[in-house]
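A quick write-up on the structure given underneath.
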Amino acid sequence: MPHNALYTDLSCYYDLMCADIDYKTQSDSAHRMHQIFGNGGKRHLDLACGTGPHIQYFCATNYDCSGLDINQPMLDIAQERCPQAQFSQGNMCAFHYENRFDLITCFLYSIHYSGVLKELAGCIESAHGALEKGGVFFFNVVDRRQINNDLFIQHSINHEDSCFTFRSAWHYVGNGEKQTLNLSINKVSNDSQQTWEDKHPMVALDFDELQDMLSPYFEVHIFEHDYGKIIPWQKQSGNAIFVCVKV
Ligand SMILES: C[S@@+](CC[C@H](N)C(=O)[O-])C[C@H]1O[C@@H](n2cnc3c(N)ncnc32)[C@H](O)[C@@H]1O
């Protein structure tokens, strides 16, 4: 199995893993920020779009949506879910589109999949290049200085005579630009049990260096990690929403 089996061989379980995520509220948050800070345009690109749950909501809000993801099995599910959207396989750290977008989103900490700071710089540069003037780049991030290796999120769900337990946790060694997202899936059926362990290499960053990387390209606004509210970041929490406007 590859280290990211969840997005390839096990992609059929991805939506089960995310069953508790409030995709509508997250999508509404990006839409609202775009209304406040953006240019009002409706061309939308979702980076690391996965199976397309956010795109489904943006399409319902009359956006003209595109999705980019590196793993084709995820895109296959996305295309089935959102037949009206355009999907392409590619790396968010080096992408180019003929047409420009008004809103680019990257949800669920997926920007960390850039892997290392140099690649993250490529992602920021690509997003800037693909945005229309006044467009917004919206994403959420975690500050490596606040990662607690003892914390994890876990939930269980019944599906087709099996019980699935999903667990995810950040792990950061305390120095350097790499952290991992450790994911496990445990499937218990009547007479069998299977467990898969994924270790996803992610870029580790702090908000100060991220702001330094973004500021040559964007006017940067940082908010508390609460999709239901608009609260400027209070400089305490290690999770935040970045709203970056192309000036
Ligand atoms: C945690 S999932 C998020 C999917 C979706 N945004 C969501 O919120 O459900 C991360 C996604 O990032 C994709 N991914 C990982 N590295 C990538 C890269 N370098 N470029 C584009 N997509 C990438 C994976 O294939 C996966 O679909």
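As the structure lists them, so they are numbered: ligands from 1, and atoms in each ligand from 1. Below, each value reflects all heavy atoms present in this structure, side chains not excepted, and no hydrogens, waters or symmetry copies. Since the structure is predicted, the reported quantities are computational estimates derived from the model, not experimental observations. One is the number of the first residue; the rest follow in order along the sequence.
- When R43, K246, K42 are each tested for a salt bridge (charged side-chain N to carboxylate O under 4.0 Å, His left out) with E132, only one passes: R43.
- Scored by the side-chain hydrogen bond (donor to acceptor under 3.5 Å, both in side chains) test, Q179 finds no partners at all (sequence neighbours excluded).
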*Please report the C-alpha distance between W196 and D9 in whole Å, then the side-chain angles of each, then the deciding distance to 0.1 Å, and finally whether the side chain to side chain contact (heavy atoms under 4.5 Å, CB included) criterion is met.*
CA-CA 11 Å; W196 297 276; D9 308 81; over 6 Å; no
Filter the ligand 1-protein atom pairs down to N or O on both sides and distance under 3.5 Å, then list them.
from, atom 1, to, atom 2, distance (Å)
ligand 1, 6 (N), A48, O, 2.8
ligand 1, 9 (O), Y14, OH, 2.7
ligand 1, 9 (O), Y23, OH, 2.8
ligand 1, 19 (N), N91, OD1, 2.9
ligand 1, 20 (N), M92, N, 3.0
ligand 1, 22 (N), I70, N, 3.2
ligand 1, 25 (O), D69, OD1, 2.6
ligand 1, 25 (O), N71, ND2, 2.7
ligand 1, 27 (O), D69, OD1, 3.4
ligand 1, 27 (O), D69, OD2, 2.7

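- The pair D28-K24 counts as a salt bridge, with a side-chain nitrogen and a carboxylate oxygen less than 4.0 angstrom apart.
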_Test side chain to side chain contact (heavy atoms under 4.5 Å, CB included) on C18 and F166; report intermediate values, then the result._
CA-CA 9 Å; C18 295; F166 298 94; over 6 Å; no
*Apply side chain to side chain contact (heavy atoms under 4.5 Å, CB included) to the pair Y7 and H200, showing each step before the final yes or no.*
CA-CA 11 Å; Y7 305 142; H200 296 198; 3.3 Å; yes
